[in-house]
Amino acid sequence: MFFSLPVLLSTAIFITSGQCSSHTIPVRSSPKNSSPVPNDLQSISIEFSYFPDYSGNKSRPNEFSKNLLHNLESLTGVAPKVRVGGTSQDHATYFPDQEENVKLFYQNPTDDQPIQINYGPTFFESYHTLGEIKFLHGLNMNQNSSIQQLQDSATEACTSIGPQLHLFELGNEFNFAPGKYRAANYSLLDYVEEWNSKSAIVKSAVQKACPGSFPGFMAPSFVLLDFIDDTAWTAEDLYNLGYDKDNLTKELCFHNYMGVNEPPLPPAQLDLQRTLMNHTNIIQSLAQHIKRAENLAYLDLPYTLGELNSIANQGVNGETNVFGDALWLVDFSLWAAVHGIKRLQFHQGLNYRYASWQPIESKGLPPTTRPPYYGQIMVASAIGQSKDTRIVNIPLSEDTESAYAIYNGDQLSKLVVTNLRAFNQTTLDRPHREYKFHVPAQYRSARVESLIGPGSDALDNITFGGISYDHALNEGRPVQQHANEETRIKNGLLTIVVPDSSAVLLTL
């Protein structure tokens, strides 16, 4: 493998010891029975209350956010879908006569989220600032005092968003409803009856206001994790009870987090390696979704993670806002794609510790491209613009490493290798691993694009493929920092050195 000169200068003093793979790793020449990966796998979810901050309005569009989304589209040929929802969606009330786009009311000034959101017609200007994006718009299921408000919000959404409206979402994580939004004895059957009734009301109102086919819903938007949810609600029982009897759901949607930001918190650096930079933990986290997708396959609906990120409750400084989180995102995304999950909508919010970018200056934080965004860029680059991208896992032996083969149809086209061993940027010696892959004999070389930063704890100075997307350089547009190189393949043997806390995309 050959690094470009700037990379050599920045990393040569660190790469002093390493571990070689003891054997050559075979790579399948074809993906066999794998299914195509959607080009918009890497998509976005934005907290309802902060959508205007991310998008701006007609008079002041947020060009930074637009640039970052366009970068993803330029790599895959398809714009990422944007879901506007989250917890604040079920605290949002639409007022047709309100002049301000949004009014936010906080219980405490330092809280991550408001307890009440009032929004008016100009809120919907934000849907027309980011380009030809398709949106999933969240509706408040918690609000029960006026069906008229639900109807008004849905009809304003369909008329204002227009053809860019992909789907509605009615309620967010309503399996938290017992004791929170509803009485403690609120049951799964109660939820089924309420959702069925309100979804029918939304459909009727929208069809009157916006003649034509009804967009449909993504649902049920449950987060079902043992360490978060202690109710007995399951998705399988939900559908057995007659959920969505009118077949209005177009995409199955569930949420996923790797852990929860609540005391007692372990040291961030320890948890980064144990929870995020850990392939075994990623497998375990996604196992329940893979099983649920199998159980619900009879519905014949795409299975998506409509909201996800690393650590719930907006993340943890030193763990989810650092470069190690970007490496987690790469491994998590590719493992999900291998197992048929059709879209990943990484959740964003103003000042959130796991956000891919900070869209505006707030609480002393400037607009900034965060490390997780670089992970999204790498995954988008791996998928590319082929309409028949297929991904296969290449089993490795340790939980601090992973590898994937990527195919264009039946043709091997790329490899991804992640070295998930944590490396602190203040340490002098940066170890590495060497991998040897056996690929078909016709390949002679591979372009090497590295996802690399000063260390797993780094906040900045990160590049993928030698490119920076930092706000400070060109408002999120790609800026080439150094050239990529190639590594030669000899007699079908591809050898690659991967520094700790880094990843590589090899294009054959």
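Residue numbers start at 1 and run along the sequence shown.
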Trainee: Decide yes or no for Ser456 and Leu272: does some side-chain heavy atom of the first lie under 4.5 Å from some side-chain heavy atom of the second?
Mentor: yes
Trainee: Can you measure from OG (Ser34) to CD1 (Ile391) and round to the nearest 0.5 angstrom?
Mentor: 9.0 Å
Trainee: Please examine the side chains of Ser43 and Val82, heavy atoms only from C-beta on, and report whether any two atoms are closer than 4.5 Å.
Mentor: no
Trainee: So for atom CG, which belongs to Asn33, do other residues, nucleotides or ligands contribute more than 12 heavy atoms lying within a distance under 6.0 Å?
Mentor: no
Trainee: If you round to the nearest 0.5 Å, how far is CG of Asn172 from CD of Glu47?
Mentor: 7.5 Å
Trainee: Quick one: CG on Asn281 to CD1 on Ile283, what's the gap to the nearest 0.5 Å?
Mentor: 9.5 Å
Trainee: Taking the side chain as every heavy atom from C-beta outward, state whether Lys134 and Pro80 have any pair of such atoms under 4.5 Å apart.
Mentor: no
Trainee: Return each pair, listed once, that meets side chain to side chain donor-acceptor pair (under 3.5 Å) where at least one residue sits in residues 321-330; pairs must be two or more places apart or across chains.
Mentor: Ser310-Asp325, Asn317-Asn321
Trainee: To the closest 0.5 Å, what do you measure between CG (Leu75) and NE2 (His70)?
Mentor: 9.5 Å
Trainee: In terms of ring plane angle, is the pair Tyr404 and His279 parallel, tilted or perpendicular, where the classes change at 30° and 60°?
Mentor: perpendicular
Trainee: Measuring only between side-chain heavy atoms, which start at C-beta, is Leu296 closer than 4.5 Å to Leu252?
Mentor: yes
Trainee: Might you work through the side-chain hydrogen bond (donor to acceptor under 3.5 Å, both in side chains) test for Thr122 and Glu100, ending with a clear yes or no?
Mentor: CA-CA 7 Å; Thr122 56; Glu100 299 93 337; over 6 Å; no
Trainee: After noting the C-alpha distance and the side-chain angles of Phe222 and Phe176, does the key distance pass the ring-ring contact (aromatic ring centres under 6.0 Å, His included) rule?
Mentor: CA-CA 9 Å; Phe222 281 5; Phe176 284 158; 9.4 Å; no
Trainee: Examine the side chains of Asn67 and Glu63 and answer whether a donor and an acceptor come within less than 3.5 Å of each other.
Mentor: no
Trainee: Please evaluate residues Gln42 and Ser333 with respect to the criterion side-chain hydrogen bond (donor to acceptor under 3.5 Å, both in side chains), reporting the C-alpha separation (whole Å), side-chain torsions for both, the decisive distance (0.1 Å), and the verdict.
Mentor: CA-CA 8 Å; Gln42 288 296 293; Ser333 297; 2.9 Å; yes
Trainee: Please report the shortest heavy-atom distance between Leu68 and Tyr373, naming the atom on each side.
Mentor: O-OH, 2.6 Å
Trainee: Restricting to non-hydrogen atoms, name the atom on Ala209 and the atom on Cys158 that form the minimum distance, rounded to 0.1 Å.
Mentor: CB-SG, 4.2 Å
Trainee: Any salt bridge (charged side-chain N to carboxylate O under 4.0 Å, His left out) pairs touching residues 340-360, not counting sequence neighbours?
Mentor: Asp112-Arg353, Glu251-Arg343
Trainee: Can you sort out the partners of Tyr94 under ring-ring contact (aromatic ring centres under 6.0 Å, His included), two or more places apart, ordered by chain and number?
Mentor: Tyr119
Trainee: Could you walk me through whether Arg390 and Ile406 pass the side-chain contact (heavy atoms from CB on, under 4.5 Å) check?
Mentor: CA-CA 6 Å; Arg390 298 165 188 264; Ile406 300 172; over 6 Å; no
Trainee: Answer yes if the ring centres of Trp357 and Tyr469 are under 6.0 angstrom apart, and no otherwise.
Mentor: no
Trainee: Take Gln113 and Tyr352, measure what side-chain hydrogen bond (donor to acceptor under 3.5 Å, both in side chains) needs, and give me the verdict at the end.
Mentor: CA-CA 10 Å; Gln113 296 176 351; Tyr352 285 9; 3.0 Å; yes
Trainee: Could I get the full list of salt bridge (charged side-chain N to carboxylate O under 4.0 Å, His left out) partners for Glu173, not counting sequence neighbours?
Mentor: none
Trainee: Using 0.5 Å steps for rounding, measure from the CG atom of Asp399 to the CG atom of Asn278.
Mentor: 4.5 Å
Trainee: Start with the C-alpha gap between Leu238 and Trp195, add the side-chain angles, then the distance that decides, and say whether side-chain contact (heavy atoms from CB on, under 4.5 Å) holds.
Mentor: CA-CA 11 Å; Leu238 178 69; Trp195 193 94; over 6 Å; no
Trainee: Run the side-chain contact (heavy atoms from CB on, under 4.5 Å) test on Phe123 and Asn57 for me, step by step, so that the C-alpha distance in whole Å, both residues' side-chain angles and the decisive distance to 0.1 Å come before the verdict.
Mentor: CA-CA 8 Å; Phe123 178 89; Asn57 55 34; over 6 Å; no
Trainee: Taking the inter-plane angle between the rings of His289 and Phe254 on a 0 to 90° scale, is it parallel (under 30°), tilted (30 to 60°) or perpendicular (over 60°)?
Mentor: tilted
Trainee: Can you name the nearest heavy-atom pair linking Leu72 to Gln376, along with the distance?
Mentor: CD2-O, 3.8 Å
Trainee: Output the distance between atom OG1 (Thr76) and atom CG (Asn71), rounded to the nearest 0.5 Å.
Mentor: 11.0 Å
Trainee: Just wondering, do Asn62 and Thr129 contact through their side chains at under 4.5 Å, heavy atoms?
Mentor: no
Trainee: Of all heavy-atom pairs between Ser49 and Ser88, which one has the smallest distance, and what is that distance?
Mentor: N-OG, 3.0 Å
Trainee: Do other residues, nucleotides or ligands put more than 12 heavy atoms under 6.0 Å from the NZ atom of Lys58?
Mentor: no
Trainee: According to the interplanar angle, ranging from 0 to 90°, do the rings of Tyr243 and Tyr239 count as parallel (below 30°), tilted (30 to 60°) or perpendicular (above 60°)?
Mentor: perpendicular
Trainee: Quick check: are there more than 12 heavy atoms from other residues, nucleotides or ligands sitting under 6.0 Å from NZ of Lys291?
Mentor: no
Trainee: Do you know which of Leu329, Thr320, Val322 makes side-chain contact (heavy atoms from CB on, under 4.5 Å) with Pro372?
Mentor: Leu329
Trainee: Could you please spell out the steps behind the side-chain contact (heavy atoms from CB on, under 4.5 Å) verdict for Gln358 and Leu350?
Mentor: CA-CA 6 Å; Gln358 174 81 341; Leu350 191 63; 4.0 Å; yes
Trainee: Does any part of the side chain of Glu156, heavy atoms only, come nearer than 4.5 Å to the side chain of Pro96, both counted from C-beta?
Mentor: no
Trainee: Glu169 versus Ser221: any side-chain heavy-atom pair under 4.5 Å?
Mentor: yes
Trainee: Out of Leu170, Leu139, Thr249, Asp246, which one pairs with Ser199 under the side-chain contact (heavy atoms from CB on, under 4.5 Å) rule?
Mentor: Leu170
Trainee: Using the salt bridge (charged side-chain N to carboxylate O under 4.0 Å, His left out) rule, collect all pairs that involve residues 297-319, keeping only residues at least two apart or in two chains.
Mentor: Arg83-Glu307
Trainee: Using every non-hydrogen atom in the two residues, find where Asn144 and Glu194 come nearest and quote the distance to one decimal.
Mentor: OD1-OE2, 3.7 Å
Trainee: Before giving the answer on side-chain hydrogen bond (donor to acceptor under 3.5 Å, both in side chains), spell out for Ser153 and Gln151 the whole-Å C-alpha distance, their side-chain angles and the decisive distance to 0.1 Å.
Mentor: CA-CA 6 Å; Ser153 61; Gln151 293 173 317; over 6 Å; no
Trainee: State, to 0.1 Å, how close Lys81 and Gln345 come at their nearest heavy-atom pair, and which atoms those are.
Mentor: O-NE2, 4.0 Å
Trainee: Name all pairs fulfilling the ring pair (Phe, Tyr, Trp, His ring centres under 6.0 Å) condition that reach into residues 130-158, sequence neighbours left out, sorted by first residue then second.
Mentor: Phe48-His137, Phe51-Phe135, Phe124-His137, Tyr127-Phe135, Tyr127-His137
Trainee: Quick one, Asn256 and Phe332 - any side-chain contact, counting heavy atoms below 4.5 Å?
Mentor: yes
